[in-house]
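A short write-up of the structure that comes next.
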Amino acid sequence: MAASSRIFALPWYARGEYPVLLKLFSDPHLLPATYNAWLSRAKQTESLLQKAGFAVARIRIRPAPFAAWCKERNVSPNQRARLTFANEAARDFSARQ
């Protein structure tokens, strides 16, 4: 996230892909076991960020593209990678606008 833009990139998951992503991630213990629990927490986080004055960009993380992105960079598919992936996607989108 770039402080000057006040945009926060939030990794976002699709219900049907959530179990596959948990198996892909090297740190699934950091995420809720169920999609519904994750969604509740993600929406709460999104709301808190918006109340703090940030615009929130929901950045969808899909299993195959994220796995390829991690492999290309030789990084573990963990929380840091998810946040970096989301921030890069938000920056790329912003640059195209």
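Note that the structure is a prediction, hence the values are computed from the model and not measured.
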_Any heavy-atom pair between the side chains of Lys23 and Pro19 that's under 4.5 Å?_
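Not touching, per the 4.5 Å side-chain cut-off.
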*Are Pro11 and Phe85 close enough that some pair of their side-chain heavy atoms sits under 4.5 Å apart?*
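Of all side-chain heavy-atom pairs linking Phe85 with Pro11, none is under 4.5 Å.
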*asked:* Assigning hydrophobic clusters by single linkage (Ile, Leu, Val, Met, Phe, Trp, Tyr; side-chain heavy-atom cutoff under 4.5 Å), is Trp69 placed with Phe25?
replied: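 Yes; tracing contacts between hydrophobic side chains, which count when under 4.5 Å, links both residues.
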*State yes or no: do Leu24 and Trp38 share one hydrophobic cluster built from I, L, V, M, F, W and Y residues joined by side-chain heavy-atom distances below 4.5 Å, directly or via other members?*
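Leu24 clusters together with Trp38.
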*Would you check, one step at a time, whether the test side chain to side chain contact (heavy atoms under 4.5 Å, CB included) holds for Arg82 with Leu31?*
CA-CA 12 Å; Arg82 293 188 294 274; Leu31 293 164; 4.1 Å; yes
Just how far is it from atom [atom1] of [X] to atom [atom2] of [Y], taken to the nearest 0.5 Å?
X: Leu48; Y: Lys43; atom1: CG; atom2: NZ; value: 14.5 Å
X: Arg60; Y: Leu10; atom1: CZ; atom2: CG; value: 14.0 Å
X: Leu22; Y: Glu17; atom1: CG; atom2: CD; value: 12.0 Å

*Let me see the working for Phe66 and Arg62 under side chain to side chain contact (heavy atoms under 4.5 Å, CB included), right down to the final yes or no.*
CA-CA 6 Å; Phe66 181 67; Arg62 293 184 166 120; over 6 Å; no
Please report the closest heavy-atom contact between [X] and [Y], naming both atoms and the distance.
X: Ala9; Y: Ile59; answer: CB-CG1, 4.1 Å
X: Ile61; Y: Leu21; answer: O-CD1, 3.5 Å
X: Val75; Y: Ala81; answer: CG2-CB, 4.2 Å
X: Phe54; Y: Ile7; answer: CD2-N, 4.4 Å

*For Arg41, check salt bridge (Lys or Arg N to Asp or Glu O under 4.0 Å) against everything at least two apart and list the hits.*
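For Arg41, no residue satisfies salt bridge (Lys or Arg N to Asp or Glu O under 4.0 Å) once neighbours in sequence are set aside.
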_Among residues at least two apart in sequence or on other chains, which ones pass salt bridge (Lys or Arg N to Asp or Glu O under 4.0 Å) with Arg80?_
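With neighbours one apart ignored, the set is empty.
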*asked:* Would the distance check show the side chain of Asp27 and the main-chain N or O of Asn78 forming a donor-acceptor pair, the cut-off being under 3.5 Å?
replied: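 No.
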*Just by modelled atom types, is the Tyr35 backbone N or O under 3.5 Å from a matching donor or acceptor in the Tyr13 side chain?*
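No, Tyr13 side chain to Tyr35 backbone: no donor-acceptor pair under 3.5 Å.
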*Dump the intermediate steps for side chain to side chain contact (heavy atoms under 4.5 Å, CB included) on Trp12 and Leu39, then the final yes or no.*
CA-CA 9 Å; Trp12 209 260; Leu39 184 60; 3.8 Å; yes
*side chain to side chain contact (heavy atoms under 4.5 Å, CB included) with Val20: which residues, sequence neighbours excluded?*
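Val20 satisfies side chain to side chain contact (heavy atoms under 4.5 Å, CB included) with Pro63 only.
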